[in-house]
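Start at 1 and go down the list; that is how both ligands and their atoms are numbered.
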Amino acid sequence: MAKKQFKAESKRLLEMMINSIYTHREVFLRELISNASDAIDKIYYRALTDDNLSFDKDSYFIKVIPDKENRTLKIIDTGIGMTKEELETNLGTIAKSGSLAFKKETEIKDGYDIIGQFGVGFYAAFMVADVVTVISKPLGSEEAYKWESDGAEGYSIETAEKDSVGTEIILKIKENTEDENYDEFIEEYRLKSIIKKYSDFIRYPIKMDVSSRRPKEGSDNEFEDYVEEQVINSMVPIWKKNKSELTDEDYANFYAEKRYGFDKPIKHIHISVDGTIRYNAILYIPEKTPYDFYSKEFEKGLELYSNGVLIMDKCADLLPDHFSFVKGMVDSEDLSLNISREMLQHDRQLKLISKNINKKIKSELQSLINNDREKYEEFYKSFGRQLKYGVYSEFGANKEVLQDLIMFYSSKEKKLVTLDEYVSRMPEEQKYIYYASGDSIERIDKLPQAEFVSEKGYEILYFTEDIDEFAIKMLMTYKEKEFKSISSGDLGIEGEDNKDDSETEVNESKEIFDYMKNILADKVKDVRISKRLKSHPVCLATEGDISIEMEKILAAMPDNQNIKADKVLEINKNHEVFESLKEAFKNDKEKLELYTKLLYNQALLIEGLPIQDPVEFTNDICKIMV
Ligand code: ADP
């Protein structure tokens, strides 16, 4: 029979997976058992909502059968099964998202990280097996099919015999090699411990025939071998257990088993509420951003259970967008099993649960800030942007919740600080929360505009992400302190006015600046003496709502409306350059024109803005050299 090829991308992914170095090869079993459990969930849920189906709890189980003679490992489930089409689409295509783009973004130093994240859990079987056979009979059908693959070469599908509904997966376990021992995956003892470790909380019995030895009846010194079917897992769902019984490792295992993510969560939150509304929830704050987190494809949500039965994979209504990184599940006895997606949105109970858990998430994050700063910073690296988006979106509706959770790099502390920390350190006379925007910390460090504010001893927050200024514009104030860009018109610093400027001096410079403004025409709104420069000759400041960083961001947007910041060219009157300008104004207007253009272009460069005519700029520099 002709073999069907895997989709090209699948093939590459498969090779990548098989050939990467797996530190935890044993997880293949967890993946297969999770699939089996999901399949039973589906049939269980179907039975609960369909009167024509009855669900006899005892006839639903997973069975693991090692066979040393044939070197196979079977995993049997009595779940919903797969049709021929489902076998093709579910197992014939890996990485259903259809993109290998993640390959660049995800570290594959340890293939463990990628399994499951792309719906490839099943393929983990190829880590330990040369050939994988899947025989499945779907609910409501008399036909069964056999899918078989040796990994690289593709797969085949043919009709098969199977009595009962469900799926049987047969792994032909690889031969040992010099470095690798695969025997362990047909050892009862070893399998038992893998199941205990990763799948203890699976709600259905995971059975295995375990051989033992016992004294022969009626004899004192004779023994006999016997085989006994044991249930290996404890089956109590973790969320129904007492917090005190559970260890960090239990929570970490549940996270992995549920494939919430392939990182180590930074924190777990276990909630048990037994009041007017009853529910249990286990939530996780992940450490790493999922590869698709900041893309359209990402779906937020928590698993929703009704008294132990999974009714929805990703209930989006439980999480606001700004907490969309939270993973986990909610189980409530008070939710109806038959509830539809549409009804859920309006469900009062669900709204209450959502409100409660969001409060809890906020307070847990807050306590991380206060008590485990390192972890919070780790988290913030991955998801800080999402929090800042949260401040900005919905017209700032959530800013109260989020303002205490956002952080920015501080000029003084040289690390991320919260707004609260900033404000609590402000000297009494400091009116504003100062910030500076730029592409990177290094660049902002060098901004001439920062000189005066820094010299005053004031702390400056560095905005290096697109969203920062927009978020702050939405926030407007924090603890009644307004935000102020160090490039904005009025810095609000006392004593910044030049007290000792004589009237003639002011008039004189005004004439020069008017002249310069004419040369630059509508490129700048004004040319002025700077109140923020100390040692640098020149900088750009802005007036109005649009900053230079915002201009850059808007220019990069697809529907670029050519919105410009109102720029002001500021000159340091204490710099020798100012003397040269005066001189040129008096004696050589052509020179003044040259100087003006040079200074303006320099100011653009400092801001990271493009120079309109770089060739002219270099020519101008040459002119002053010769
Ligand atoms: P994931 O489980 O992450 O979606 P997998 O590659 O493990 O990715 O499985 C792909 C799909 O194949 C599953 O979503 C499920 O629909 C189906 N599947 C896998 N194993 C079984 C099984 N034992 N019974 C029924 N369906 C299964």
Side-chain angles (χ1 to χ4, degrees), residues 6-7 9-11 13-14 16-18 27-46 60-65 73-98 102 111-129 132-141 143-149 151 155 157 160 162 164-171 198-199 202-204 206-207 255-262 290-292 297-299 301 303 310 312-314 327:
F6 287 118
K7 301 240 166 96
E9 293 182 335
S10 312
K11 217 167 145 177
L13 181 59
L14 201 54
M16 203 168 83
M17 268 191 49
I18 297 168
V27 298
F28 81 93
L29 192 56
R30 175 191 72 198
E31 302 297 317
L32 297 181
I33 287 175
S34 284
N35 280 349
S37 165
D38 290 349
I40 302 177
D41 266 346
K42 282 179 194 156
I43 205 167
Y44 186 32
Y45 180 53
R46 195 71 84 74
Y60 291 90
F61 60 86
I62 298 160
K63 186 150 184 181
V64 176
I65 308 171
L73 178 65
K74 268 192 209 170
I75 294 103
I76 298 175
D77 70 62
T78 57
I80 199 149
M82 282 178 273
T83 62
K84 186 179 179 211
E85 289 69 36
E86 283 165 342
L87 282 167
E88 294 233 23
T89 48
N90 293 342
L91 309 183
T93 322
I94 326 175
K96 273 156 270 159
S97 64
F102 65 87
Y112 184 59
D113 286 345
I114 60 163
I115 309 173
Q117 191 166 7
F118 312 101
V120 295
F122 167 76
Y123 285 86
F126 287 104
M127 295 193 293
V128 300
V132 178
T133 310
V134 181
I135 302 169
S136 197
K137 183 172 178 180
L139 181 68
S141 163
E143 283 171 19
Y145 282 90
K146 179 167 114 178
W147 178 102
E148 194 165 82
S149 169
Y155 60 94
I157 289 190
K162 192 174 186 309
S164 52
V165 169
T167 303
E168 188 171 320
I169 297 181
I170 305 148
L171 310 181
Y198 294 106
S199 310
I202 292 285
R203 301 190 315 121
Y204 308 102
I206 303 168
K207 300 178 180 176
Y255 183 83
E257 181 211 298
K258 279 295 190 177
R259 299 201 202 137
Y260 290 142
F262 290 81
Y291 75 106
D292 60 350
E297 276 78 52
F298 182 80
E299 265 183 86
E303 283 185 320
L310 182 71
M312 201 181 285
D313 266 346
K314 284 196 170 157
K327 300 279 178 188

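If you look at Asp77 next to ligand 1, the close heavy atoms, those under 4.0 Å, all belong to the side chain.
With Glu86 contributing its side chain and Thr83 its backbone, the two residues share a donor-acceptor pair below 3.5 Å. In this structure a side-chain-to-backbone donor-acceptor pair under 3.5 Å is present from Arg259 to Glu31. Thr133 places no side-chain N or O within 3.5 Å of a backbone atom of Glu148 that could act as its donor or acceptor partner. Lys137 places a side-chain N or O within 3.5 Å of a backbone atom of Lys162 that can act as its donor or acceptor partner.
Checked against a 3.5 angstrom limit, the closest N/O atoms of Phe122 and ligand 1 fall inside it.
Of the candidates Ile62, Ile75, Asn35, Asn35 brings a heavy atom nearest to atom 20 (N) of ligand 1.
Ligand 1 has Met82 within reach: a non-hydrogen atom of the residue lies less than 4.0 Å from it. Residue Arg259 places a heavy atom under 4.0 Å from ligand 1.
By the 30° and 60° cut-offs, the orientation of the rings of Tyr204 relative to Tyr44 is perpendicular.
Those atoms of ligand 1 that come under 4.0 Å of a heavy atom in Ala39, given as number and element, are 24 (N), 25 (C).
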